[in-house]
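Order of the sequence lines fixes the chain letters, A, B, ..., with proteins taken first and strands second; residue numbering starts at 1 for each chain. Heavy-atom basis, side chains included; hydrogens, waters and symmetry copies ignored.
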Number of protein chains: 2
Amino acid sequence: MHDSSDGLQVWCAGEEWCPVTSTATLICRKWHPVIIHRLLNDGPLGFSALQDQVDGVSSKVLSDSLEDLQEKKLIERSIVSEQPFRVEYSLTERGSELEPVVSAMENWGKRHLQPPEDEHSGRF
Amino acid sequence: MHDSSDGLQVWCAGEEWCPVTSTATLICRKWHPVIIHRLLNDGPLGFSALQDQVDGVSSKVLSDSLEDLQEKKLIERSIVSEQPFRVEYSLTERGSELEPVVSAMENWGKRHLQPPEDEHSGRF
DNA sequence: CGGCATCCACATGGATACTG
DNA sequence: CAGTATCCATGTGGATGCCG
């Protein structure tokens with residue numbers, strides 16, 4: 001590989017532990033990146049608000065995803081009110097630091113996938 | 001959508017088309033990010049070379065992944081030699097521009113997931 | 001080397017309905 | 001509002017073996 005004998009990190013080479021793979025296993029699920037993206041932009045959100053903002057995800061899948069993200073310590077759930085029962089989902093420190101990842105995804109998507117105004121076939 | 005009248009982009013809001021989701025559906029699969037990462041670092045690679053560098057992926061799964069990535073125009077396969085049959089996988093322009101995404105994932109992973117030297121439990 | 005064929009297990013997503 | 005309960009279809013990955 002590129003740097004073998006010195007003190008530099010050799011992650012992600014050969015059989016070593018790989019940060020890319022590890023990160024991928026945490027966030028590579030259909031709705032995870034968008035959920036994080038929405039929470040980054042619009043701060044804490046309730047369940048329904050989140051569902052509205054995340055395209056056409058069903059409540060079951062959203063629920064599963066949120067649970068998964070909580071287990072991974074990327075988001076937190078807090079009960080804001082008991083009477084009119086309200087909760088809020090927000091990013092943890094860890095989670096919010098994924099901002100560069102989702103931003104990069106967003107930028108790439110804007111450049112390479114379907115620009116709404118233009119109907120040419122960069123669609124994929 | 002929320003902001004209808006001005007010139008601002010409204011991607012990823014409500015029912016609109018979302019670059020994050022779209023990008024996610026392209027690269028969010030277990031081995032895709034690493035494959036791209038390896039190709040970014042070590043240029044064109046043969047099938048076996050790639051398999052060696054991508055942890056413990058089986059040939060079937062690697063094959064499936066590479067096919068998927070080709071369909072999405074993120075990588076290309078070229079036959080380099082016929083006699084000793086050799087192929088090379090390389091990134092397309094589109095694909096190589098995913099560099100910011102995988103780099104961001106790599107950086108996040110290094111910061112938040114298992115530092116090899118240290119055995120504390122930031123593991124998951 | 002560069003795969004494909006098979007078979008299998010489980011993860012994940014989707015639709016629908018219902019609840020406190 | 002904030003979910004849960006089912007059920008089901010498909011996606012996705014893994015193991016093993018074989019082939020030109």
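- For A:Leu62 and C:dT12, the CG to P distance is 15 Å, given to the nearest whole Å.
- One finds the CG atom of B:Asp68 at 9.0 Å from the CD1 atom of B:Ile35 (value rounded to the nearest 0.5 Å).
- Listed for the A:Thr92 side chain is a donor-acceptor partner under 3.5 Å among the backbone atoms of A:Lys73.
- Residue contacts shown for A:Gly56 are absent, as no nucleic acid heavy atom lies under 4.0 Å away.
- Of the candidate nucleotides C:dG2, C:dA15, D:dG14, C:dG2 has the atom nearest to the side chain of B:Ser48.
- With rounding to the nearest 0.5 Å, the separation of OG in B:Ser58 from CH2 in B:Trp31 is 9.0 Å.
- Considering SG of B:Cys18 and CG of A:Leu113, their distance stands at 10.5 Å, rounded to 0.5 Å.
- At its two ends the helix from C:dC1-D:dG20 to C:dG20-D:dC1 runs along axes set 50° apart, each axis drawn from five pairs and the angle rounded to 10°.
- Between the A:Ser22 side chain and the B:Gly109 main chain, no donor and acceptor come within less than 3.5 Å of each other.
- Among the nucleotides D:dA2, D:dT16, C:dG14, the one closest to any side-chain atom of B:Lys60 is D:dT16.
- For A:Ser63, taking side-chain heavy atoms from C-beta onward, the closest of the listed nucleotides C:dC7, D:dT4, C:dG14 is D:dT4.
- With hydrogens and angles ignored, a donor-acceptor pair under 3.5 angstrom links the side chain of A:Ser59 to the base of D:dT4.
- The closest donor-acceptor contact from the side chain of A:Trp108 to the backbone of B:Arg94 lies under 3.5 Å.
- If you check D:dG14, C:dG14, C:dG2 against the side chain of B:Lys30, the one that comes closest is D:dG14.
- In the region residues 78-91 of chain B, proximity to DNA chain C at under 4.0 angstrom, judged on heavy atoms, holds for B:Phe85, B:Arg86, B:Val87, B:Tyr89.
- Looking at A:Asn107, its side chain does come within 3.5 Å of a backbone N or O of A:Ser103 through a donor-acceptor pair.
- When each of C:dG3, D:dG13, C:dG13 is scored by its nearest atom to the side-chain atoms of B:Arg29, the top-ranked nucleotide is D:dG13.
- Note: the hydrophobic cluster containing A:Phe85 also contains A:Leu66 (ILVMFWY, side chain heavy atoms under 4.5 Å, direct or indirect links).
- The separation between A:Gln51 atom CD and D:dC1 atom P is 9 Å, rounded to whole Å.
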